[in-house]
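Remarks on the structure that follows.
Every chain is numbered from 1, with letters handed out A, B, ... down the list of sequences.
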2 protein chains.
Amino acid sequence: MAESAGPAADETLLFLTDDQIRKGIEAMFFAYRGFTADPDRILADQGYGRAHHRAIHFINRSPGTTVNNLLAILGVTKQSLNRVLRTLIDDGLVRSEVGTRDRRERNLYLTEAGAALERELSTAQRDRMRAAFRQAGPEAVAGFRRVLEAMMDGDMRRHYMRFRESES
Amino acid sequence: MAESAGPAADETLLFLTDDQIRKGIEAMFFAYRGFTADPDRILADQGYGRAHHRAIHFINRSPGTTVNNLLAILGVTKQSLNRVLRTLIDDGLVRSEVGTRDRRERNLYLTEAGAALERELSTAQRDRMRAAFRQAGPEAVAGFRRVLEAMMDGDMRRHYMRFRESES
DNA sequence: CTTGGAATGTCAACAAGGCTGACATAAATT
DNA sequence: AATTTATGTCAGCCTTGTTGACATTCCAAG
């Protein structure tokens with residue numbers, strides 16, 4: 001188009017200037033701190049960390065999931081996950097059952113105590129998210145999700161979408 | 001209101017259901033991985049980590065900033081920041097000047113090499129962010145920012161806003 | 001002007017949680 | 001029977017968070 005560099009084009013693409021993008025980057029950085037702040041506090045009290053939260057969250061989301069599945073979602077090594085999982089199992093928050101279909105697999109479930117901690121963590125995190133959602137309004141929330149989905153890596157989007165469907 | 005639990009209310013508040021919120025939480029988790037993936041790869045090649053990226057980013061954003069200022073923004077202990085800063089200074093990416101007004105302070109600047117790495121990192125990160133922004137559209141971007149701003153802790157929002165103003 | 005406290009930065013040591021590599025075991029598959 | 005797959009474990013490394021101890025510098029109260 002002849003006037004693609006004209007003022008009209010500049011105006012419609014203002015959200016793509018380096019400055020706008022940089023603001024988006026910092027927004028992401030600062031918001032993620034807030035996003036994890038409340039669970040982090042609770043976890044610190046119990047001697048756990050963010051890694052434990054992630055494991056608990058995804059075991060709760062899909063009870064009976066296997067170690068391998070969890071590895072793919074969390075994107076860490078089995079050694080790293082194993083250390084976290086071991087403490088959760090030893091502390092009686094997670095139950096690991098030998099798979100029935102394939103007995104090499106371990107199916108992971110939250111125990112009652114694990115579910116209790118999960119509720120405590122997700123309540124804190126949801127409260128903040130809910131407040132942010134309410135304050136921003138429904139259309140902002142839709143935009144928020146659209147941008148985040150476009151920002152994911154393909155693999156991660158697959159895991160995200162699979163969940164969205166299963167819970168539609 | 002009498003009909004606050006009626007179907008109309010349910011519909012307008014659908015974005016506040018536990019399910020919607022949980023999707024927001026997972027979107028945040030998966031998107032943050034994508035957000036840091038590209039810089040992480042570059043940094044790993046050079047033997048640096050995310051902490052170095054953060055320091056470089058904020059020194060670039062406000063040249064001459066003090067260590068104390070950086071501490072407040074990054075939300076880590078001075079000892080932790082110092083280690084990262086030390087390697088950056090030793091490697092000639094950051095210059096630390098004794099403050100003129102107050103000689104206890106150190107004013108931090110990127111060297112030419114530091115600025116070059118900063119450009120490499122921010123280009124990678126901006127490219128992904130720009131693609132996500134373009135794909136989602138301007139209204140989604142506005143919503144994205146509104147939700148993220150509402151999600152920040154007060155302190156962090158202050159740091160975020162201060163920057164937004166200074167770069168208006 | 002001196003002295004005590006506050007601010008700032010550095011050094012040392014430790015912990016969490018990533019990583020790699022090597023290896024064992026059991027079960028499924030070919 | 002041999003191979004592949006899923007899982008677990010040991011050992012060791014790195015980054016990046018933490019505390020504690022300490023040096024330097026500034027400022028303000030006496």
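For Arg83(A) and dG18(C), a side-chain-to-base donor-acceptor distance below 3.5 Å is present, hydrogens and geometry of angles not being considered.
Legend: residues meeting side chain to side chain contact (heavy atoms under 4.5 Å, CB included) with Ala124(A), ordered by chain and number and at least two apart, are Asp38(A), Ile42(A). Judged as a side chain to side chain contact (heavy atoms under 4.5 Å, CB included), and not counting sequence neighbours, the contacts of Arg54(A) are Arg50(A), Ala51(A), Leu74(A), Phe29(B). The ring pair (Phe, Tyr, Trp, His ring centres under 6.0 Å) check on His53(B) picks up nothing, with sequence neighbours excluded. For Glu97(B), the side chain to side chain donor-acceptor pair (under 3.5 Å) partners are Arg95(B), not counting sequence neighbours. Every residue was checked against the side chain to side chain donor-acceptor pair (under 3.5 Å) condition with Asp45(B), not counting sequence neighbours, and none meets it. Listed by chain and number, the residues in a side chain to side chain donor-acceptor pair (under 3.5 Å) with Asp153(A) are Arg128(B) (sequence neighbours excluded). Under the side chain to side chain contact (heavy atoms under 4.5 Å, CB included) criterion, Thr87(B) pairs with Tyr48(B), His52(B), not counting sequence neighbours. Residues passing the side chain to side chain contact (heavy atoms under 4.5 Å, CB included) test with Ile21(B) are Arg126(A), Met129(A), Arg130(A), Phe133(A), Leu16(B), Ile25(B), sequence neighbours excluded.
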Which donor-acceptor pairs under 3.5 Å do side chains of residues 110-123 of chain A form with protein atoms, sequence neighbours excluded?
{"residue": "Thr111(A)", "atom": "OG1", "partner": "Gly92(A)", "partner atom": "O", "Å": "2.6"}
{"residue": "Thr111(A)", "atom": "OG1", "partner": "Leu93(A)", "partner atom": "O", "Å": "3.2"}
{"residue": "Thr111(A)", "atom": "OG1", "partner": "Ala113(A)", "partner atom": "N", "Å": "3.4"}
{"residue": "Thr111(A)", "atom": "OG1", "partner": "Gly114(A)", "partner atom": "N", "Å": "3.1"}
{"residue": "Glu112(A)", "atom": "OE2", "partner": "Arg119(A)", "partner atom": "NH2", "Å": "3.4"}
{"residue": "Glu118(A)", "atom": "OE2", "partner": "Asn60(A)", "partner atom": "ND2", "Å": "3.4"}
{"residue": "Ser122(A)", "atom": "OG", "partner": "Glu118(A)", "partner atom": "O", "Å": "3.2"}
{"residue": "Thr123(A)", "atom": "OG1", "partner": "Arg119(A)", "partner atom": "O", "Å": "2.7"}

N/O contacts under 3.5 Å, protein versus nucleotides 19-23 of chain D?
{"residue": "dG20(D)", "atom": "O6", "partner": "Gln79(B)", "partner atom": "NE2", "Å": "2.8"}

Dump every N/O contact between nucleotides 4-7 of chain C and the protein below 3.5 Å, one line per pair.
{"residue": "dA7(C)", "atom": "O4'", "partner": "Arg104(B)", "partner atom": "NH1", "Å": "3.3"}

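Using the six-membered ring where Trp is involved, Tyr32(A) and Tyr32(B) have ring planes that are parallel, under 30° apart on the 30 and 60° scheme.
Look at CG on Leu71(A): it is 12 Å from P on dG18(C), rounded to the nearest Å. As a whole-Å value, the separation of Asn69(A) CG from dT5(D) P is 17 Å. We find that CG of Leu81(B) is positioned 11 Å from P of dT16(D), with the value rounded to whole Å. Rounded to a whole Å, the CG atom of Leu85(B) is 12 Å from the P atom of dG17(D). If you measure from atom CD1 of Ile89(B) to atom C1' of dC11(C), you get 15 Å, rounded to the nearest angstrom. Between Glu97(A) atom CD and dT7(D) atom P the separation is 14 Å, expressed in whole Å. Between the NE2 atom of His53(B) and the P atom of dG17(D) there is a distance of 14 Å, given to the nearest Å. Whole-Å rounding puts the Asn107(A) CG to dA6(D) C1' distance at 12 Å.
Residue Arg106(A) has no polar side-chain atom (N or O) positioned under 4.0 Å from OP1 or OP2 of dA6(D). For dG17(D), the OP1/OP2 oxygens have a side-chain nitrogen or oxygen of Arg54(B) closer than 4.0 Å. Distances shown here put a side-chain N or O of Asn82(A) below 4.0 Å from the OP1 or OP2 atom of dT9(D).
Heavy atoms of His52(A) sit under 4.0 angstrom from primed sugar atoms or phosphate atoms, though from no base atom. Residue contacts shown for Gly99(B) are absent, as no nucleic acid heavy atom lies under 4.0 Å away.
In plain terms, the two heavy atoms of Ala140(B) and Arg146(A) that are nearest each other are CB-NE, 3.7 Å.
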- Under the salt bridge (charged side-chain N to carboxylate O under 4.0 Å, His left out) criterion, do Arg22(A) and Glu26(A) qualify, and how do the steps go? CA-CA 6 Å; Arg22(A) 205 178 23 169; Glu26(A) 295 210 0; 5.9 Å; no
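Near-neighbour residues of DNA chain C inside residues 32-51 of chain A, defined by a heavy atom below 4.0 Å, number-ordered: Gly49(A), Arg50(A), Ala51(A).
Residues Arg101(A) and Val84(A) both approach DNA chain C. Their nearest nucleotides, taken by heavy-atom distance, put Val84(A) toward the 5′ side.
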